[in-house]
There are 2 protein chains.
Amino acid sequence: MREDTRSRIQEVALRLFTEQGYEATSLREIAEELGVTKAALYYHFKTKDDIVASLVDSRLAELDELLEWFKGREKTTETRRELVERYADLLRGTRHIEVARFLERNQTAMRDHPTLIKIRDRMMDLAAEMSGPGATPVERISRSLAMFAVHAGKWLLKEGELSEDEVHKAALEVARRLLEI
Amino acid sequence: MREDTRSRIQEVALRLFTEQGYEATSLREIAEELGVTKAALYYHFKTKDDIVASLVDSRLAELDELLEWFKGREKTTETRRELVERYADLLRGTRHIEVARFLERNQTAMRDHPTLIKIRDRMMDLAAEMSGPGATPVERISRSLAMFAVHAGKWLLKEGELSEDEVHKAALEVARRLLEI
DNA sequence: GTCTATACGACGATAGAC
DNA sequence: GTCTATCGTCGTATAGAC
């Protein structure tokens with residue numbers, strides 16, 4: 001019994017960090033919800049940041065994989081579109097949508113977190129890789145914005161206005177057009 | 001002498017909040033840089049949040065004005081473009097660029113701040129006002145993204161790659177094309 | 001190996017003296 | 001208008017019970 005305390009901490013922490021923000025969520029809050037003390041958390045994780053690290057590591061691995069795949073391909077409108085579609089699929093993966101949402105909402109609080117910095121670097125690398133050295137500023141911004149459109153759909157529109165599937169399809173369509181500029 | 005302590009607090013606080021983040025900046029840090037104690041800050045401002053409120057109030061007023069102007073106009077590609085251009089000009093205003101940058105970087109920390117909530121509402125209202133009830137999801141997302149493109153240029157591109165003016169012009173061009181979808 | 005009890009310095013905030 | 005002193009809570013750390 002209670003051998004899965006570690007994963008229960010991850011689950012509760014991710015939910016509270018996303019709902020209330022990382023800094024606004026205290027370890028006491030997490031511990032109380034689980035019926036243990038703060039100190040128990042420190043047995044399973046070195047620091048508060050370490051709980052985050054355990055959550056975001058898999059997302060970094062996926063981005064590494066995506067970047068590696070794209071580097072080996074020709075850069076055409078077609079492959080750029082495929083990249084954005086793969087990225088969108090990644091965001092819709094079973095567990096990682098919650099992690100992505102947490103990262104979106106806690107960029108500032110996490111700005112010195114090593115894994116977060118790496119994730120941000122991979123995103124920049126992907127954007128840079130889409131445009132060679134000869135690309136115009138308009139092309140660079142359009143292509144970067146195309147990747148971003150997949151994220152943006154979620155919080156640019158009022159809630160309940162459209163279904164999640166409608167937003168997803170429409171955001172991909174906007175991204176596709178941005179890549180054709 | 002030192003009758004302008006209030007504005008000096010605002011100046012130092014805005015800089016540190018933007019550079020290090022709101023929660024990562026302590027009142028002790030601000031006070032020490034000014035050569036006073038924490039308690040002195042509490043004479044000029046009720047709370048830490050109150051320092052922020054004094055900074056962002058003028059930006060809310062400008063957004064209110066912009067929304068009011070747009071409401072009274074016909075909704076065409078031409079007026080939507082003019083809206084985005086006015087918004088971009090607003091961002092380039094002498095003092096408000098620093099405040100806009102602070103707000104960009106501290107969304108999560110400020111999520112319960114009354115003025116911040118109002119600013120976010122005005123942005124949503126502007127996005128909604130650009131598309132009537134008959135607009136398609138693709139049109140809605142494109143137009144929202146057009147406003148966002150003006151912000152995005154700054155942190156989508158690697159630093160030093162392009163001048164601030166080049167980024168500004170290219171972002172506006174991308175926005176213009178998004179409005180023509 | 002899993003957790004509790006207890007304590008540390010720094011934080012935002014307040015009360016009251018000068 | 002600015003100070004000292006103090007409050008409760010925070011993240012963090014360790015000693016030791018089971």
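Keep in mind it's a predicted model, so treat the numbers as computed, not measured. The analysis underlying the following values was restricted to heavy atoms, covering all of them including side chains, and did not include hydrogens, waters or symmetry mates. Labels below follow one simple rule: chain letters A, B, ... track the order of the sequence lines, proteins then strands, and each chain is numbered from 1.
Applying the side-chain contact (heavy atoms from CB on, under 4.5 Å) test to A/Glu65 and every residue at least two apart in sequence or in another chain returns nothing. Looking at residues two or more places apart in sequence or on another chain, you find a side-chain contact (heavy atoms from CB on, under 4.5 Å) between B/His113 and B/Asp49, B/Val52, B/Ala53, B/Met110, B/Thr115, B/Leu116. For A/Arg73, the salt bridge (charged side-chain N to carboxylate O under 4.0 Å, His left out) partners at least two apart in sequence or on another chain are A/Glu82. Every residue two or more places apart in sequence or in another chain that forms a side-chain contact (heavy atoms from CB on, under 4.5 Å) with B/Glu129 is listed here: B/Phe70, B/Lys71, B/Lys75. Applying the side-chain contact (heavy atoms from CB on, under 4.5 Å) criterion to B/Glu164, with sequence neighbours excluded, gives no partner residue. Every residue two or more places apart in sequence or in another chain was checked for a ring-ring contact (aromatic ring centres under 6.0 Å, His included) with A/Phe45, and none qualifies.
Taking side-chain N and O atoms only, A/Thr37 has a distance below 4.0 Å to OP1 or OP2 of C/dT4. Within the structure, a side-chain polar atom (N or O) of A/Thr5 is placed less than 4.0 Å from OP1 or OP2 of C/dC3. The phosphate of C/dG12 (OP1 or OP2) has no side-chain N or O of B/Arg28 nearer than 4.0 angstrom.
Residues from residues 16-27 of chain A placing a heavy atom under 4.0 Å of any atom in DNA chain D, listed by number, are A/Thr25, A/Ser26, A/Leu27. Residues of residues 48-55 of chain A having a heavy atom closer than 4.0 Å to DNA chain C: none are found.
Where A/Glu29 and A/Lys46 each meet DNA chain D at their nearest nucleotide, the meeting point lying more 5' is that of A/Glu29.
Note on residues 115-124 of chain B: pairs passing salt bridge (Lys or Arg N to Asp or Glu O under 4.0 Å), not counting sequence neighbours, are B/Asp64-B/Arg122. Within the structure, the salt bridge (Lys or Arg N to Asp or Glu O under 4.0 Å) test picks out the following pairs touching residues 13-29 of chain A (sequence neighbours left out): A/Arg15-A/Glu33, A/Arg28-A/Glu32. Screening residues 21-42 of chain B for ring-ring contact (aromatic ring centres under 6.0 Å, His included) gives B/Phe17-B/Tyr22 as the qualifying pairs, with residues at least two apart or on separate chains.
The interatomic distance linking A/Tyr42 (OH) with C/dA7 (C1') rounds to 14 Å, in whole Å. What separates NZ of A/Lys38 from C1' of D/dG8 is a distance of 12 Å, to the nearest Å. As rounded to whole Å, 18 Å separates atom C1' of C/dT14 from atom CZ of B/Phe45. Residue B/Ile30 contributes atom CD1, which lies 13 Å from atom C1' of C/dC11 at whole-angstrom precision. A/His44 places its NE2 atom 9 Å from the C1' atom of C/dG1, with the value rounded to the nearest Å. Straight-line distance from the OH atom of A/Tyr43 to the C1' atom of C/dG1: 4 Å, rounded to whole Å. Rounded to whole Å, atom P of D/dT9 lies 11 Å from atom CD of A/Glu32.
Once rounded to the nearest 0.5 Å, the distance linking OG1 of B/Thr136 with CD of A/Glu166 reads 11.0 Å.
No side-chain heavy atom of B/Ile97 sits less than 4.5 Å from a side-chain heavy atom of B/Arg92.
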Between the protein and nucleotides 15-18 of chain C, list the N/O to N/O atom pairs that are separated by less than 3.5 angstrom.
none

